[in-house]
Amino acid sequence: MDSSKTSILVSGALIAGISITLVVQTLLKCQKKSGPGFFKRLCCSNSSTELEQLPPPWLRVKDGEEIKVGVEGLIGETPLVLIRSLSRETKCRILAKVEFLNPGGSTKDRVGKGLIKEAEGSGLLVPHQGYTVYEGTVGSTGISLAMICRARGYNCHIVMPDDQAEEKYSALRALGATVEKVRPASIVDPGHFVNVARARAAANEKGFFANQFENLANFTTHQTTTGREILRQTGGNIDAFVAGAGTGGTLSGVAHCLKERSNNIIIALADPQGSGLYHKVEHGTLYTPEQSEGSRRRHQVDTVVEGVGMTRLTDNLLAGFDHIDMATSVTDQQAVSMSRFLMANDGFFVGSSSAVNCVAAVRLAKKLGPGSTVVTLLCDSGSRHGTKFWSDSALETNFNLTSAIPTSLDFVGDF
């Protein structure tokens with residue numbers, strides 16, 4: 001072989017090598033952006049490849065720009081606010097993440113985004129291909145999922161107990177979700193809203209059961225977003241974090257993140273009446289006298305409060321359960337009184353779980369003493385609770401509760 005041919009072959013090999021390197025680098029960049037399951041989808045999908053699905057220039061954000069992309073881009077990075085009335089009364093800094101400023105109106109937007117992102121990364125969901133997301137929820141997670149499903153090109157089927165605030169059903173229907181109401185039931189009953197949603201998903205070959213209670217993407221989302229935001233926004237100056245547990249993902253995820261920073265940060269559970277978690281943390285058992293057979297109106301948690309409280313340990317709660325240092329139980333009347341106190345003194349129009357959190361935050365601040373910093377969450381606003389928690393007549397008629405505005409925090413009690 002003469003030298004000219006050798007040169008041509010060497011040049012060709014060099015060009016081929018460079019081309020392959022560039023292709024591999026491009027694929028790795030796509031894999032990093034897309035997450036786990038990219039190469040499987042690239043090789044196995046019948047739809048257009050990941051490379052072809054990269055956004056065109058008019059849908060991209062340029063370097064140096066501060067632009068959010070789509071409704072998903074608005075989720076998280078909520079402000080941390082100092083609640084003046086509670087801080088003044090306790091001589092402590094009581095801070096709250098204003099989660100109702102998420103686009104879907106609650107902290108569950110984070111969970112919905114995390115669940116769908118993880119499913120897409122694993123190849124369980126493909127946008128605009130006829131997939132349906134199923135979930136069992138008391139409302140807020142369903143609203144968040146319905147919103148994100150609209151944005152990502154999925155159908156959404158939500159199964160709920162039939163005794164929730166009417167505003168939640170209306171919001172879900174407005175977002176295009178299918179709403180299926182079922183009677184409240186024990187989690188061991190096939191008719192429980194979570195079990196019904198799981199069964200519906202299993203019957204659909206393009207169905208995905210989000211499984212917010214057991215899917216650890218819930219826990220991970222709060223560990224990597226909510227917890228880190230709190231640390232950054234406080235500059236690490238935090239003595240305690242307190243919140244309720246609906247699925248357990250928020251409390252466990254934030255707890256794990258904060259305890260990684262300092263084991264001295266106190267993690268406390270705020271539990272509504274009728275829930276068994278307070279007794280589990282403080283006494284090692286989920287059973288309470290109120291949960292005895294025949295003494296409850298409902299089969300889940302007997303309370304006017306929606307969104308928090310359980311009588312079982314989920315995988316998400318167990319993921320950070322060992323980080324919970326203490327717990328306190330909040331009555332319905334204390335939650336109602338706190339909501340009215342915040343409205344009258346601070347202008348905050350909060351939902352029931354937010355009120356529970358604030359009662360517990362005041363108790364914990366009093367326990368820690370003046371100068372301490374306690375962080376909690378304002379999970380959702382009162383706008384979803386107008387026909388129940390924020391209805392004076394419903395509270396009096398159905399729950400024998402008063403909605404009078406307190407003139408002090410004497411109603412809160414001690415930790």
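Computed from a predicted model, the values in this text were never measured in an experiment. Residues: numbered from 1 along the sequence shown.
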Original post:
Could Arg152 and Tyr131 be counted as a cation-pi pair, given that NZ or CZ must be under 6.0 Å from the ring centre and within 45° of the axis?
Top reply: no

Original post:
With a 3.5 Å cut-off and no angle check, do the side chains of Ser408 and Asp410 form a donor-acceptor pair?
Top reply: yes

Original post:
How many angstroms lie between atom OH of Tyr278 and atom CG of Asp271, to the nearest 0.5 angstrom?
Top reply: 9.5 Å

Subject >> Leu86 and Leu342, any side-chain heavy atoms less than 4.5 Å apart >> reply: yes

**OP:** Check whether any side-chain heavy atom of Thr220 sits under 4.5 Å from a side-chain heavy atom of Thr224, and report yes or no.
**Re:** yes

**OP:** Would you check if the side chain of Lys206 reaches a backbone N or O of Gln129 as a donor-acceptor pair within less than 3.5 Å?
**Re:** yes

Subject >> Ser252 versus Asn316, side-chain donor and acceptor atoms under 3.5 Å >> reply: no

**OP:** Let me know which of Thr331, Val308, Val304, Val359 forms a side chain to side chain contact (heavy atoms under 4.5 Å, CB included) with Pro272.
**Re:** Val308

Original post:
Looking only at atom types and distance, does a side-chain atom of Asn357 sit under 3.5 Å from a main-chain N or O of Val242, one as donor and one as acceptor?
Top reply: no

**OP:** Given ring pair (Phe, Tyr, Trp, His ring centres under 6.0 Å), test Phe219 with His256 step by step and report yes or no.
**Re:** CA-CA 9 Å; Phe219 163 84; His256 190 84; 5.7 Å; yes

Original post:
Are any non-hydrogen side-chain atoms of Leu82 and Arg93 less than 4.5 angstrom apart?
Top reply: yes

Original post:
Between CG of Leu378 and CZ of Phe348, what distance do you get to the nearest 0.5 Å?
Top reply: 6.0 Å

Subject >> Worked verdict on Gln212 versus Thr141 for side chain to side chain donor-acceptor pair (under 3.5 Å) >> reply: CA-CA 8 Å; Gln212 61 167 324; Thr141 302; 2.8 Å; yes

**OP:** State whether Glu229 and Arg110 are salt-bridged, where the test is any N-O pair (Lys NZ or Arg NE/NH1/NH2 against Asp/Glu carboxylate O) under 4.0 Å.
**Re:** yes

Original post:
Can you list the steps and then say if Ser85 with Asp346 is a side chain to side chain donor-acceptor pair (under 3.5 Å)?
Top reply: CA-CA 7 Å; Ser85 67; Asp346 298 276; 2.3 Å; yes

Original post:
Any salt bridge between Glu180 and Arg200, counting N to O under 4.0 Å?
Top reply: yes

**OP:** Test Phe415 against every option in Val362, Thr328, Leu368 by the side chain to side chain contact (heavy atoms under 4.5 Å, CB included) rule and name the one that passes.
**Re:** Thr328

Original post:
Does the side chain of Thr78 pick up a donor-acceptor pair with the side chain of Glu99 at under 3.5 Å?
Top reply: yes

Original post:
Quick one: do the Asp392 and Ser403 side chains pair a donor with an acceptor below 3.5 Å?
Top reply: yes

**OP:** Using side-chain contact (heavy atoms from CB on, under 4.5 Å) as the criterion, list what pairs up with Thr132, not counting sequence neighbours.
**Re:** Tyr134, Asn155, His157, Asn204

Subject >> Working for side chain to side chain contact (heavy atoms under 4.5 Å, CB included), residues Arg173 and Thr178 >> reply: CA-CA 7 Å; Arg173 295 188 186 101; Thr178 297; over 6 Å; no

Subject >> Heavy-atom check, side chain of Val182 versus side chain of Val159, under 4.5 Å >> reply: yes

Original post:
Would you say Leu269 and Leu251 make side-chain contact, with heavy atoms under 4.5 Å?
Top reply: yes

**OP:** Could you grab the distance from atom CZ of Phe193 to atom CZ of Arg183, nearest 0.5 Å is fine?
**Re:** 14.5 Å

Original post:
Any luck finding a side-chain donor-acceptor pair between Lys366 and Thr90 under 3.5 Å?
Top reply: no

Subject >> Backbone N/O of Ile187 and side chain of Asn195: donor-acceptor pair under 3.5 Å >> reply: yes

**OP:** Go through the steps for Lys168 and Asp380 under the test salt bridge (Lys or Arg N to Asp or Glu O under 4.0 Å), then give the verdict.
**Re:** CA-CA 12 Å; Lys168 296 181 178 181; Asp380 68 356; 5.1 Å; no

Original post:
Quick one: does NZ or CZ of Arg340 land under 6.0 Å from the six-membered ring centre of Trp390, within 45 degrees of the ring axis?
Top reply: yes

Original post:
Is it true that a side-chain atom of Ser352 and a backbone atom of Glu306 form a donor plus acceptor pair closer than 3.5 Å?
Top reply: yes

Original post:
Got a second to check how far Leu377's CG is from Thr226's OG1, nearest 0.5 Å?
Top reply: 7.5 Å

Original post:
Sub-3.5 Å donor-acceptor pair from the side chain of Ser372 to the main-chain atoms of Gly369, do we have one?
Top reply: yes

Subject >> Test item: Glu167 side-chain N/O and Thr387 main-chain N/O as donor-acceptor pair under 3.5 Å >> reply: yes

Original post:
Hey, is the main chain of Asp163 close enough, under 3.5 Å, to the side chain of Lys388 for a donor-acceptor pair?
Top reply: yes

Original post:
Does any N or O in the side chain of Ser106 come within less than 3.5 Å of the main-chain N or O of Asn102, such that one atom is a donor and the other an acceptor?
Top reply: no

**OP:** State whether Glu77 and Arg228 are salt-bridged, where the test is any N-O pair (Lys NZ or Arg NE/NH1/NH2 against Asp/Glu carboxylate O) under 4.0 Å.
**Re:** no

Original post:
Which pair of non-hydrogen atoms, one from Gly227 and one from Leu258, has the smallest distance, and what is that distance?
Top reply: O-CD2, 4.1 Å

Original post:
Side chains of Thr376 and Phe241: does their closest heavy-atom pair fall under 4.5 Å?
Top reply: no

Subject >> Flag side-chain contact, heavy atom, 4.5 Å: Pro184 against Asp162 >> reply: yes

Original post:
Backbone N or O of Leu175 within a donor-acceptor pair of the Arg150 side chain at under 3.5 Å?
Top reply: yes

**OP:** May I ask you to decide if the ring planes of Phe389 and His385 are parallel, tilted or perpendicular, using 30° and 60° as cut-offs?
**Re:** perpendicular

Original post:
In Å, rounded to the nearest 0.5 Å, how long is the span from CG of Leu125 to CD of Glu118?
Top reply: 9.5 Å

Subject >> Glu166 atom CD, over 12 foreign heavy atoms within 6.0 Å >> reply: yes

Subject >> Distance-only side-chain donor-acceptor flag, Thr285 / His279, under 3.5 Å >> reply: no

Original post:
Okay, side chain of Asp109, backbone of Gly104: is any donor-acceptor separation there less than 3.5 Å?
Top reply: yes

Indicate every side-chain donor-acceptor pair of residues 55-68 with a distance under 3.5 Å to a residue at least two apart or in another chain.
| residue | atom | partner | partner atom | Å |
| --- | --- | --- | --- | --- |
| Arg60 | NE | Pro55 | O | 2.5 |
| Arg60 | NH2 | Pro55 | O | 2.8 |
| Glu65 | OE1 | Lys62 | N | 2.8 |

Original post:
Which distance, rounded to the nearest 0.5 Å, do you find between the CG of Leu231 and the CD of Gln233?
Top reply: 10.0 Å

